[in-house]
Amino acid sequence: MGKRRRKIYSGPGRQLTFDDLVPKAPQPIEGSLNVGLEVRGLLKRVMKESPKSRYEIAAKMSELLGFEITKHQLDSWTAESRDGWRFPLEYLPAFEMACETHELTNWLAKKRGCRLLIGEEALLAELGKVERMEQEIKERKKALKELLKKRAF
């Protein structure tokens, strides 16, 4: 018999399974993490959805990094025809802050089988972890007491 999947309600007409909420890392097969085109597309989409122009994004990144980033660089990092141009990972925090997003960090977390928690989500997750630890301690304490009762003289 297969694993039973717990259903989680997610709105009208659609239910999520536990598996929908837990990202899975890709299988470690050759080429599975060749994500260059995906990164370019994601950068392009994030900039398109940003209320800021590419000039404003470049200016904010320049301010945050302490050296100049140009619109031309942003264009080159997103153009499929500019294969030699790669977006430097070290610019990621400045890019996301300039675009007011966590899209790339979230995407990277999902690629590695993780989930990004921001602000209150992180606190709620930590609270859940502590509550689970408390429950485990209660169960262990109960088991130890029962063991001591059986051994009592």
Side-chain angles (χ1 to χ4, degrees), residues 1-140:
M1 196 182 257
K3 262 195 216 177
R4 193 172 139 186
R5 295 182 181 192
R6 193 172 55 155
K7 295 283 186 182
I8 300 171
Y9 183 73
S10 67
R14 169 115 160 76
Q15 286 188 336
L16 294 174
T17 65
F18 180 78
D19 293 336
D20 291 329
L21 298 175
V22 179
K24 293 178 186 65
Q27 292 297 315
I29 55 175
E30 189 174 339
S32 66
L33 291 175
N34 184 358
V35 295
L37 287 176
E38 199 172 347
V39 169
R40 288 177 190 275
L42 187 55
L43 290 168
K44 189 183 299 186
R45 183 176 60 76
V46 166
M47 284 190 282
K48 186 176 183 177
E49 292 173 358
S50 173
K52 297 178 181 174
S53 71
R54 287 186 180 211
Y55 289 106
E56 292 171 313
I57 293 168
K60 185 63 176 177
M61 286 180 68
S62 298
E63 176 188 325
L64 293 168
L65 292 169
F67 54 86
E68 187 177 16
I69 299 294
T70 66
K71 178 192 175 290
H72 173 74
Q73 286 174 290
L74 294 176
D75 292 342
S76 295
W77 291 328
T78 59
E80 291 180 30
S81 62
R82 302 295 303 259
D83 194 42
W85 283 73
R86 302 281 189 221
F87 180 77
L89 179 63
E90 63 198 74
Y91 298 173
L92 180 60
F95 177 81
E96 285 195 329
M97 287 185 80
C99 293
E100 300 176 15
T101 187
H102 292 95
E103 281 290 316
L104 281 100
T105 302
N106 190 47
W107 170 82
L108 181 59
K110 286 180 181 178
K111 281 288 180 195
R112 295 293 298 126
C114 305
R115 186 166 180 209
L116 178 66
L117 301 175
I118 301 165
E120 190 174 323
E121 287 180 332
L123 293 174
L124 289 169
E126 186 64 21
L127 178 61
K129 180 179 174 184
V130 168
E131 288 174 346
R132 190 173 59 247
M133 290 168 61
E134 284 177 336
Q135 184 62 36
E136 289 172 2
I137 288 170
K138 284 180 186 176
E139 289 171 8
R140 185 164 183 197

- prompt: Do K111 side-chain atoms and L33 backbone N/O form a donor-acceptor pair below 3.5 Å?
  reply: no
task: Side-chain contact test, heavy atoms from C-beta onward, threshold under 4.5 Å: evaluate it for S50 versus E100 and give yes or no.
output: no
field: From CD1 (I69) to CZ (F95), nearest 0.5 Å
entry: 11.5 Å
- request: Spell out, as yes or no, whether a donor-acceptor pair under 3.5 Å connects the side chain of T101 to the backbone of E96.
  value: no
- line: Heavy-atom nearest pair, A98 first then L64, reads N-CD1, 4.4 Å
- line: Here the gap from E126 atom CD to L124 atom CG, rounded to the nearest 0.5 Å, amounts to 11.0 Å
message: Quick check on R112: does its CZ atom have over 12 non-hydrogen neighbours (other residues, nucleotides or ligands) under 6.0 Å away?
response: no
- prompt: At what distance, to the nearest 0.5 angstrom, does CG of D75 lie from CG of L43?
  reply: 11.5 Å
- prompt: Can you tell if the side chain of T78 reaches within under 4.5 Å of the side chain of K48, non-hydrogen atoms only?
  reply: no
query: Could you state the interatomic distance from CZ (R54) to NZ (K71), rounded to the nearest 0.5 Å?
result: 6.5 Å
message: For Q135, run the side-chain hydrogen bond (donor to acceptor under 3.5 Å, both in side chains) check against R132, E131, E139 and tell me which one passes.
response: E139
message: Treating R40 as the side-chain partner and S76 as the backbone partner, does any N or O pair qualify as donor plus acceptor under 3.5 Å?
response: yes
field: Parallel, tilted or perpendicular, as decided by the 30° and 60° cut-offs, for the rings of Y91 and F67
entry: tilted
Heavy-atom side-chain contact between V39 and W77 under 4.5 Å: no
message: For the CG atom of N106 and the CG atom of L117, what is their distance to the nearest 0.5 Å?
response: 9.5 Å
- prompt: Shortest non-hydrogen contact from V46 to C99?
  reply: CG1-CB, 3.8 Å
message: Less than 4.5 Å apart, side chain to side chain, heavy atoms only: is that true for L92 and L89?
response: yes
- prompt: Rounded to the nearest 0.5 Å, how far apart are CD of Q73 and CE of M61?
  reply: 8.0 Å
